[in-house]
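So the structure is just underneath, and the comments pick up after that.
By convention in this document, chain letters (A, B, ...) are assigned in the order of the sequence lines, proteins followed by strands, and residues within each chain are numbered from 1.
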Number of protein chains: 2
Amino acid sequence: MKNHLPTIKEIAKQLNISVSTVSRALHDHKSIGLRTKMQVQELAKKLQYEPNQTAIFFQQGKTFTIGVILPELSEAFFSSAISGIEDAAHKSNYTVLLGQSHDSVEKEKQLIDTMKKHRVDGLLVSISKNTTDYSHFETLQRYNIPIVFFDRIPKISNIHYVACNMVNGTVQAVNFLFKKGHRIIGMINGPEKLPATKERLDGYIQALTKSRLKYDPALVINCDLTKESVCHATEKLLTGKRKPTAIVAFNDYVALDAVQQARKMKLRINKDICFVSYANLPISNYTAYPPLASVEQFPYLQGQKATETLIELLQKKSDDDTDVNNRTYYKIILESQLVLHDAK
Amino acid sequence: MKNHLPTIKEIAKQLNISVSTVSRALHDHKSIGLRTKMQVQELAKKLQYEPNQTAIFFQQGKTFTIGVILPELSEAFFSSAISGIEDAAHKSNYTVLLGQSHDSVEKEKQLIDTMKKHRVDGLLVSISKNTTDYSHFETLQRYNIPIVFFDRIPKISNIHYVACNMVNGTVQAVNFLFKKGHRIIGMINGPEKLPATKERLDGYIQALTKSRLKYDPALVINCDLTKESVCHATEKLLTGKRKPTAIVAFNDYVALDAVQQARKMKLRINKDICFVSYANLPISNYTAYPPLASVEQFPYLQGQKATETLIELLQKKSDDDTDVNNRTYYKIILESQLVLHDAK
DNA sequence: AAAAATTATGCAAACGTTTGACTGAATCAG
DNA sequence: CTGATTCAGTCAAACGTTTGCATAATTTTT
């Protein structure tokens, strides 16, 4: 039952020619006579010969595989991203090797190791929440495996990355509210240490300043994204001295929890209080009181761009045949954008 | 800048021993003296030697990789599934090679080919909507690559699969409604040709029969899952001769659209009309009028089980060293289960 | 007719690792 | 002291492919 797959050797033997001739014939090499070329190709077809890629990978030191490490595959944001990644990779004939870190640094390290072992040509990473030490990424340099980070990127400078800038989107969001007549605009922001939190705050302040509204720190409350802390923040905002008529929420989940809390407090959504947020749910259409608008972060696009960037790097690598670390780094920044929801 | 990675050969040369000794020393082979073993391991560490897996893959004809082909990575159901797959694979030291077919038969074929080329050890597939010809899967038999199908499985018998049986869940759903006092229960079902549609109908009829209610075909309307067809179906049900007080919807999306339509018709949700559906959204908590209950299909679990099954097959394969096609097929059926939602 | 160029093919090394078969030395039983 | 056993290690083949270099055969040029 040993079903030996046909190899180049066998073709050679059957045709009484050398393996190199067969190899070249299959590659349409010019130095092979038309006659033998035909013979080889015919027999190859007959035997349903298919080259053993593992041998080729090994021989060429290239696997046409890119590794992808994400925090959580089941999150809407990342599943869109991976979709973009896969599409872009497939287009350039690369394949995707996947791993999820579950936001554990330990697992992230393991995955890096696995990827290294599998000799992926390049790596796409969105780092885990808790990663602060980046040494495990550096080990990849020895292997000349380039990394492109996306969305969640390390706070170091000599890296390639693709990210979405939240400042602009936030400015748009606040402007939007301003134009609708809101003058007291609150914000339920995320955990302090997240870069994403800072960007939102920056945009918020920028927009206020431009509209000649004064920035009142009491109107911005951080939360840790749990339901309780969101409710708490909402309550605090809505019972504060200066009561906002609109709130910018850290993301859709936060917005939905805040809406619930506001309703509990007998406020009428979109009348007494309006919300805008940042998109991570595909379902705003279905919720009863969706935010008026969301800042879109284009996960699919981010994944796609990151992949294209990586593939470009790989291209360059094989062109120059030089070290990848040539001190020029891609920093690709997509602009977030406010998307208005249908007023039902 | 040619950063040659350390190999077994180099270690051998530096220590003036043969490569085989080094190899065995690194594998802790008993026939190697303690002294040399130590020396080798020490040098290996010092040089930061790591075996070249591509060489090993090639040499052993095994890649410790499983291929996964899904219709759509960004769909909640599949992203949960892939999460389960990755977790299970990682646990057994397998890695996941990913591809999405976008429900295109053509792309599905291409992916099969890619997976074959990469010499994955096994394959996990949820087939595209439009696949009716299964010959591309059969080509894998030559390569002795086992496939486990899950969720969307081909209608042929000599295959391994993991699926979730909807009959039981549907029975539970209808019973649940019956116990709540409903006597006229409608159903908005899916496209006729889908097996999933049939299972739901079977369960529906079974449950009715047991409760001694008569099955009235006018109360079951198929739709093609578009918003329009759902609205149309809902309207037809709710203006029919026998007006249902409860409706079983094909899935959460359908339910939400149906709810919208019902509200348009001035019916009070959960008073005039109740809904139950099948879970694919993680957000029922947030919607204004979620279905009373959902039949859960456990995508994460399905992915996990499928992976475990595949790995078991791979185990067997290497044990027996015999052909995988030994005429015994795993058919693993998870039972769907009704999950009640919090009444808010 | 000799030299040069072209065409078609073969040889063998290389990629890094594993592994069965073999060898030489030391140890041990009787 | 001989033969068997264990120990420590080496040799070389094998996995399938690519590719630089050599070679042989043929044709073209001078």
Self-check item: Residue list, ring-ring contact (aromatic ring centres under 6.0 Å, His included) with Phe78(A), at least two apart or on another chain
Solution: none
Practice problem: Please round to the nearest 0.5 Å and tell me the distance separating atom CD of Glu50(A) and atom OH of Tyr143(B). | Solution: 3.5 Å
Practice problem: Enter the distance from Leu314(B):CG to Tyr94(B):OH here, rounded to the nearest 0.5 Å. | Solution: 4.5 Å
Practice problem: Could you pull out all residues at least two apart from Phe149(B) that satisfy ring-ring contact (aromatic ring centres under 6.0 Å, His included)? | Solution: Phe137(B)
Quiz prompt | side chain to side chain contact (heavy atoms under 4.5 Å, CB included) between Leu97(A) and Ile66(A), intermediate numbers included | solution = CA-CA 6 Å; Leu97(A) 204 61; Ile66(A) 66 185; over 6 Å; no
Contact list (N/O, under 3.5 angstrom) for nucleotides 4-11 of chain D vs protein:
{"residue": "dG9(D)", "atom": "OP1", "partner": "Thr36(B)", "partner atom": "OG1", "Å": "3.0"}
{"residue": "dG9(D)", "atom": "OP2", "partner": "Gly33(B)", "partner atom": "N", "Å": "2.5"}
{"residue": "dG9(D)", "atom": "OP2", "partner": "Thr36(B)", "partner atom": "OG1", "Å": "2.6"}
{"residue": "dT10(D)", "atom": "OP2", "partner": "Ser18(B)", "partner atom": "N", "Å": "3.2"}
{"residue": "dT10(D)", "atom": "OP2", "partner": "Ser18(B)", "partner atom": "OG", "Å": "3.2"}
{"residue": "dT10(D)", "atom": "OP2", "partner": "Thr21(B)", "partner atom": "OG1", "Å": "2.1"}
{"residue": "dT10(D)", "atom": "O4", "partner": "Arg24(B)", "partner atom": "NH2", "Å": "2.8"}
{"residue": "dC11(D)", "atom": "N4", "partner": "Ser20(B)", "partner atom": "OG", "Å": "2.8"}

Quiz item: Under the side chain to side chain contact (heavy atoms under 4.5 Å, CB included) criterion, do Lys62(B) and Phe64(B) qualify, and how do the steps go?
Solution: CA-CA 6 Å; Lys62(B) 190 162 194 288; Phe64(B) 274 97; 3.6 Å; yes
Quiz item: Bend across the helix from dA1(C)-dT30(D) to dG30(C)-dC1(D), to 10°, with axes taken over 5 pairs at each end?
Solution: 50°
Self-check item: Residues in salt bridge (charged side-chain N to carboxylate O under 4.0 Å, His left out) contact with Arg119(A), at least two apart in sequence or another chain
Solution: none
Exercise. Measure the distance from CD on Gln59(A) to C1' on dT19(D) and round it to the nearest whole Å.
Key: 8 Å
Quiz item: For residues 44-58 of chain B, which residues have at least one heavy atom under 4.0 Å from DNA chain D?
Solution: Phe58(B)
Quiz item: Quick one: how far along DNA chain C does chain A reach, first to last nucleotide 5' to 3', anything under 4.0 Å to a heavy atom?
Solution: dA8(C) to dG16(C)
Practice problem: Kindly compute the distance separating OG1 (Thr309(A)) from CD (Gln304(A)), expressed to the nearest 0.5 Å. | Solution: 10.5 Å
Self-check item: Candidate pair Ile153(B) and Ile127(B), rule side chain to side chain contact (heavy atoms under 4.5 Å, CB included), full reasoning
Solution: CA-CA 6 Å; Ile153(B) 61 184; Ile127(B) 64 174; over 6 Å; no
Quiz prompt | Residue whose nearest DNA chain D nucleotide is more 5′ - Gln60(B) or His27(A) | solution = Gln60(B)
Considering only nitrogen or oxygen atoms on both sides, find all protein atoms under 3.5 Å from nucleotides 25-28 of chain D and state each distance.
none

Below 3.5 Å, can you tabulate the donor-acceptor pairs from side chains in residues 82-90 of chain B to any protein atom, sequence neighbours excluded?
{"residue": "Ser83(B)", "atom": "OG", "partner": "Gln100(A)", "partner atom": "OE1", "Å": "3.4"}
{"residue": "Ser83(B)", "atom": "OG", "partner": "Gln100(A)", "partner atom": "NE2", "Å": "3.0"}
{"residue": "Glu86(B)", "atom": "OE1", "partner": "Lys107(A)", "partner atom": "NZ", "Å": "3.3"}
{"residue": "Asp87(B)", "atom": "OD1", "partner": "Gln100(A)", "partner atom": "NE2", "Å": "3.0"}
{"residue": "Asp87(B)", "atom": "OD1", "partner": "His102(A)", "partner atom": "NE2", "Å": "2.7"}
{"residue": "Asp87(B)", "atom": "OD2", "partner": "His102(A)", "partner atom": "NE2", "Å": "3.0"}
{"residue": "Asp87(B)", "atom": "OD2", "partner": "Tyr300(B)", "partner atom": "OH", "Å": "2.5"}
{"residue": "His90(B)", "atom": "NE2", "partner": "Gln110(A)", "partner atom": "OE1", "Å": "2.8"}

Quiz item: Which pairs, with at least one residue in residues 15-56 of chain B and sequence neighbours excluded, count as a ring pair (Phe, Tyr, Trp, His ring centres under 6.0 Å)?
Solution: none
Quiz item: Does Phe77(B) have any ring-ring contact (aromatic ring centres under 6.0 Å, His included) partners at least two apart in sequence or in another chain, and if so, which?
Solution: none
Quiz item: Under a 4.0 Å N-O cut-off, is there an ion pair linking Asp113(B) with Lys117(B)?
Solution: yes
Quiz item: If we only count heavy atoms from C-beta on, is the Leu124(A) to Ile69(A) side-chain gap below 4.5 Å?
Solution: no
Quiz item: Got a sec, which residues hit ring-ring contact (aromatic ring centres under 6.0 Å, His included) with Tyr330(A), two or more places apart in sequence or on another chain?
Solution: His160(A)
